[in-house]
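Working notes, structure below.
Proteins come first, then strands; the chains are lettered A, B, ... in the order of their sequence lines, and each starts at number 1. Computed over heavy atoms, backbone and side chain alike; hydrogens, waters and symmetry mates excluded.
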Protein chains: 2
Amino acid sequence: MNHYAHSTRLLVAIDCIIFGFDGEELKLLLIKRRFEPEKGKWSLMGGFVNEEEDLEVGAERILHELTGLHNIYVEQLQTFGKVDRDPVERTLSVVFFALINIHNHDEESVKSHSACWISLKQMPKLIFDHEKMVQIALERLRYKAALHPIGFELLPQQFTIPQLQKLYEAIYDLKLDRRNFSRKILSTGLLLDTGEKNVNSATKKAVLYRLNKEKYESNFNNFWYFMPVTT
Amino acid sequence: MNHYAHSTRLLVAIDCIIFGFDGEELKLLLIKRRFEPEKGKWSLMGGFVNEEEDLEVGAERILHELTGLHNIYVEQLQTFGKVDRDPVERTLSVVFFALINIHNHDEESVKSHSACWISLKQMPKLIFDHEKMVQIALERLRYKAALHPIGFELLPQQFTIPQLQKLYEAIYDLKLDRRNFSRKILSTGLLLDTGEKNVNSATKKAVLYRLNKEKYESNFNNFWYFMPVTT
DNA sequence: CTATTATTGTGTTGTTTTGACACATTTATA
DNA sequence: TATAAATGTGTCAAAACAACACAATAATAG
């Protein structure tokens, strides 16, 4: 009667690609793997799916274990399932990507996992197919950030337009025109002037904005076209 | 030594959402499930992942089994993993969606699976979480077709601009302005005039075009903005 | 054989958006 | 007090767009 009985059961892992932005560069939170095979090598943070745990819950568990954070931006990327992607035993990996404010995580748990923020431009070799995962995550981030306001997930609560522009320039690895960028961003109505100014600046202090959460949430799935087609 | 040993192995299925277009409506190829539980109920075509089979290969196997087709447009949608999504045993489902020319499939194998093309507007109740899968696939199709020329995958080799417009109107369930649509589509350079005309039309015969495959392939990942923001 | 009707192809126009660029303002430092 | 670096605002021509008008084609009805 049980049509399922003779089918193969597979190990299923969850791996998390965690993006952060330090004001200059786009970075990934990577760990040094703590068990064989490939012990000591650079890797994405991951873990196996628990028996009684939904995939999203598993991703949040793993993200919390490393960063100490809850309620962060997480999105399922895709599932990697090449037969030989793990040398020990066939293992599927359901990959999630997360965007966090790079200053918000728990330093203790990051340290205890031998984790580091590493610039995308200085990526070390990663285990298994994790480099491919990162490549596809970066493509997804670039795709999504061009059309939806996810960039804000990488910034602090208050930020200036020049900071936002630097973020976009880091994501796409290009230079944008300051004046056109400002005009486009302000026209979205997503930014609320806080009245305050950025005291850190060495020259003219830029206005600090915060996200219009209402508009952000209700119109998230709109197409915004943040990036110019040329330039 | 083996860190993997104590983790749970899970059943992994592949389910396929197969879109087609009959000239008027967007349709799905659905089957009547042939085993318990939910035997006889409407379902997506699916199957379990074989031990020595990559996920994409499994998807192609399942699509071929139902349609007799190879080399069709397939894309991984996402993986569904709620603990209780299958009442028999926890089963992950890696979901793919496919776009095919509705007239190109093997009628025999479709019949032998008790499969039917069913309009999205007359969708029956589906088993498990398959309705959610369809909903998310439709969202992805709408998203993608607005930005990339995937609509052509649903049309015959030769087609008219009015046919293409009807396809877009079916995907988005709205009416488009004929003249603006034509201008936008022709300006992409994706259409090649075959010199022939559609003989089926009862009135003025429309020009038959074919896809500029070179441009389609090399510029597929461009943003095209096929859909107007308003209207 | 002509008028009618449905459909297709092309053109126009005013408005909005865009990309490229100029100029003025602010603030720390020389 | 001058300088330099960064920020804020403005201009303008070109391109893109939505809304709409009109002409051409072909089956069919009278």
Q) Quick one: does A/R179 reach the base of D/dG8 with a side-chain donor-acceptor pair under 3.5 Å? A)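 Per atom types, no contact qualifies.
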
Q: Look at the side chain of A/R183 and the base of C/dG19, then say whether one donor and one acceptor between them are separated by less than 3.5 Å.
A: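 Such a pair is found, so the answer is yes.
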
Q: Rounded to 10°, tell me the angle between the two end axes of the helix from C/dC1-D/dG30 to C/dA30-D/dT1, each built from five pairs.
A: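 Rounded value for the end-axis angle: 10°.
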
Q) Under 3.5 Å, side chain of B/N219 to main-chain N/O of B/N222, donor-acceptor pair present? A)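 Side chain of B/N219 to backbone of B/N222, a donor-acceptor pair under 3.5 Å: no, none is there.
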
Q. Which residues satisfy the side chain to side chain contact (heavy atoms under 4.5 Å, CB included) test with A/T194, sequence neighbours excluded?
A.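 For A/T194 the side chain to side chain contact (heavy atoms under 4.5 Å, CB included) partners, ignoring immediate neighbours, are A/Q158, A/E196, A/L208, A/R210.
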
(Q) Once side chain to side chain contact (heavy atoms under 4.5 Å, CB included) is applied, do any residues pair with A/S43, and if so which ones, sequence neighbours excluded? (A)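 A/S43: side chain to side chain contact (heavy atoms under 4.5 Å, CB included) contacts with A/I31, A/R33, A/I127, A/H130.
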
Holding to ring-ring contact (aromatic ring centres under 6.0 Å, His included), I want the full list of residues that pass it with [X], two or more places apart in sequence or in another chain.
| X | value |
| --- | --- |
| A/H103 | none |
| A/F220 | A/H148, A/Y216 |
| B/Y172 | none |
| B/F159 | B/F152 |

Q. Which pairs count as salt bridge (charged side-chain N to carboxylate O under 4.0 Å, His left out) when at least one residue sits in residues 149-169 of chain A, sequence neighbours excluded?
A.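 Matches after skipping sequence neighbours: A/E24-A/K166, A/E169-A/K175.
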
[X] has an atom [atom1]; how far is it from atom [atom2] of [N], in whole Å?
| X | N | atom1 | atom2 | result |
| --- | --- | --- | --- | --- |
| B/M227 | D/dA18 | CE | P | 10 Å |
| B/N180 | C/dT8 | CG | C1' | 15 Å |
| B/K197 | C/dT8 | NZ | P | 11 Å |
| A/R178 | C/dA24 | CZ | P | 14 Å |
| A/E169 | D/dA6 | CD | P | 12 Å |
| A/Y225 | C/dG19 | OH | P | 13 Å |
| A/L176 | C/dT18 | CG | C1' | 14 Å |
| B/Q165 | C/dT7 | CD | C1' | 12 Å |

Q: List in chain and number order the residues that pass salt bridge (charged side-chain N to carboxylate O under 4.0 Å, His left out) with A/E60, two or more places apart in sequence or in another chain; answer none if no residue qualifies.
A: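 Counting only residues at least two positions away or on another chain, A/E60 forms no salt bridge (charged side-chain N to carboxylate O under 4.0 Å, His left out).
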
Q.
Run the salt bridge (charged side-chain N to carboxylate O under 4.0 Å, His left out) test against B/E139 and tell me which residues pass, sequence neighbours left out.
A.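 With sequence neighbours excluded, B/E139 shows a salt bridge (charged side-chain N to carboxylate O under 4.0 Å, His left out) to no residue whatsoever.
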
Q: Identify which nucleotide among D/dA18, D/dT7, C/dG19 has an atom closest to any side-chain atom of A/P162, counting heavy atoms from C-beta outward.
A: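 The closest nucleotide is D/dT7.
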
Q. Of the residues in residues 198-211 of chain B, which ones touch DNA chain D at a heavy-atom distance under 4.0 Å?
A.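 B/A202, B/T203, B/K204, B/K205 - these, ordered by number, are the residues of the stretch whose heavy atoms sit under 4.0 Å from the strand.
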
Q: Can you label the angle between the B/F226 ring and the B/Y168 ring as parallel, tilted or perpendicular, going by 30° and 60°?
A: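 Aromatic pair B/F226/B/Y168 classed tilted.
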
For nucleotides 28-30 of chain D, list the nitrogen or oxygen atoms of the protein found under 3.5 Å from its nitrogen or oxygen atoms, one pair per line.
none

